[in-house]
J.: 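Submitted below is the structure of interest, expressed as structure tokens.
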Amino acid sequence: MKKLAEVLRDWEAVIGLEVHTELTTLETKMFCNCRLSHDDPPNTNVCPVCLGMPGALPVPNERAIESIVMAGLATNCQIMRHSMFYRKHYFYPDMAKNFQTTQGPVAFCMHGHLDLEVSGPGAGERPDGTVEKGGDGSYVAPIRILRIHMEEDAAKMVHVGGEEGRITAATESLIDYNRCGTPLIELVTEPDLRTPEEARLFMEKLRQTFLTLGISDCSLESGSMRCDGNVSLRRRGSTEFGTKTEMKNINSFKSLHDALEYEICRQAEVLEEGGIVYQETRHWEPSRKRTVVMRVKETADDYRLFPDPDLAPFDLTDEFVERCRSRIPELPDAKRDRYMADYGLKRADAAQLAGDPSVASFFEEALEGADAKVVPTVANVMVNLVPSVGELTVAQVRGIAVLLAEDAVTFAQAREVAGAISGTGEDPAAYVDAHGMRQSTDEGALGAIVDEVLGRCTDQVQQYRDGNKKVLGFLVGQCMKAAKGSGNPKAFNKMLAERLEG
Ligand SMILES: [Zn+2]
């Protein structure tokens with residue numbers, strides 16, 4: 001198969017996502033008072049409502065409605081004042097009442113959008129001209145959200161015995177109804193994503209937004225956040241949609257990226273060989289790095305969707321919506337803008353720090369009591385050092401930033417120090433002194449070295465004066481060598497330039 005970059009030169013990938021998020025932070029289920037916990041012994045959090053007993057009447061969880069309205073406001077959706085619940089019929093033991101309660105054509109939240117900041121690897125892969133690129137190839141891609149609707153989760157099924165990976169007559173299927181009736185919100189995007197990287201970034205941004213709202217623990221690993229992706233191809237310049245395939249229940253950002261990448265390349269190969277892409281559901285096999293057919297897709301008609309007669313329509317008041325709005329904390333985009341305005345950070349750095357609530361609070365804690373001059377250095381350490389170093393405390397990050405701001409260490413040394421004190425709680429300044437790493441910026445001591453080097457390297461000095469400014473690097477190196485690594489290269493650079501220009 002061709003590589004992704006090559007495929008995307010001829011073909012445009014049209015990607016949409018459906019994201020299911022369990023509202024795990026609520027105390028009770030969607031339509032009954034059962035405790036919301038998946039960790040309890042199986043089938044202990046159940047009642048006639050979530051077991052689908054005839055005659056049991058559902059009562060909607062108001063907190064769940066608040067959560068979905070907050071999710072809608074945070075993703076720039078229109079909050080629909082009038083909507084209702086529908087029944088989606090299917091037969092499977094994981095939903096004892098034989099229908100799932102969900103929403104119909106009008107969801108609580110409709111027509112929103114999230115803007116993606118695309119930079120780093122993968123940036124510049126969007127050659128359709130719909131977005132303006134910055135000088136570094138980074139761009140902002142607006143992704144429209146079709147809807148966010150409310151529904152309930154099904155029970156968890158475990159199959160034991162029988163043949164590996166297949167259900168046979170010897171298989172026993174166990175059902176845990178603790179999960180049945182868990183409030184679930186489903187977000188559906190418009191097909192606005194164009195690369196696997198954009199899809200991955202969208203999921204990350206959505207996860208960060210929901211985490212900030214505190215409506216879910218958003219764990220892809222444990223399944224409280226799950227994602228289906230669909231993708232089709234069309235020739236560049238074409239506006240018609242191709243036939244899409246869908247990939248179900250992807251449980252990591254990497255799987256989402258890799259599954260889409262594989263599927264785009266697979267479809268391109270099929271189409272270029274004159275074949276047909278079938279509308280089907282495919283399953284991603286991470287171990288074999290390929291997608292395989294699960295089933296040919298059913299149509300909406302198969303579900304016999306109709307309004308649930310047991311649940312009255314909703315009419316949300318302005319007061320209710322405003323109450324939800326007032327509960328929304330500062331979101332990543334607003335935080336990014338504040339970091340840019342208050343600390344003068346670059347957009348990409350500010351977005352990276354503001355994006356993850358735990359990183360943002362760590363950053364803000366590290367700034368407490370720090371001198372204003374140190375702020376950009378703290379941001380630099382957070383963006384360029386912390387992700388590759390592991391366990392550093394707030395005090396250690398602040399300490400490293402102070403050393404850098406004082407030119408007591410180079411960035412390479414800061415990286416070395418960070419690696420050495422990671423997980424130990426050791427003070428970076430104490431480490432630097434104990435290992436003789438502190439660089440002198442003392443003008444007198446360094447000045448003597450500079451004069452010695454200039455007196456010795458007369459050829460290079462002449463070259464510099466003849467216009468070869470690159471030779472400065474050589475002279476800095478000579479000073480560093482003479483200082484046995486304890487002189488600050490920035491200070492040497494400055495002093496050399498002053499003497500040579502003077
Ligand atoms: Zn219940």
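For ligands, and for the atoms within them, numbers begin at 1 and follow the listed sequence. Predicted model, so just to flag it, every value in this text is computed and none were measured.
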J.: Do Arg235's NZ or CZ and the ring of Trp11 fall within the cation-pi criteria of under 6.0 Å and 45°?
T.: yes
J.: Are Tyr86 and Phe99, when compared by the centres of their aromatic rings, separated by less than 6.0 Å?
T.: no
J.: Mind listing the closest non-hydrogen atom pair of Val321 and Leu316 along with its distance?
T.: CG2-CB, 4.4 Å
J.: Between Tyr339 and Phe363, how do the two ring planes meet: parallel, tilted or perpendicular, split at 30° and 60°?
T.: perpendicular
J.: Nearest 0.5 Å please: distance from the CD atom of Glu12 over to the OG atom of Ser238.
T.: 8.5 Å
J.: Classify the ring geometry between Phe85 and Phe314 as parallel (under 30°), tilted (30 to 60°) or perpendicular (over 60°).
T.: perpendicular
J.: Within less than 2.8 Å, report the number of protein N/O/S atoms around the Zn ion (ligand 1).
T.: 4
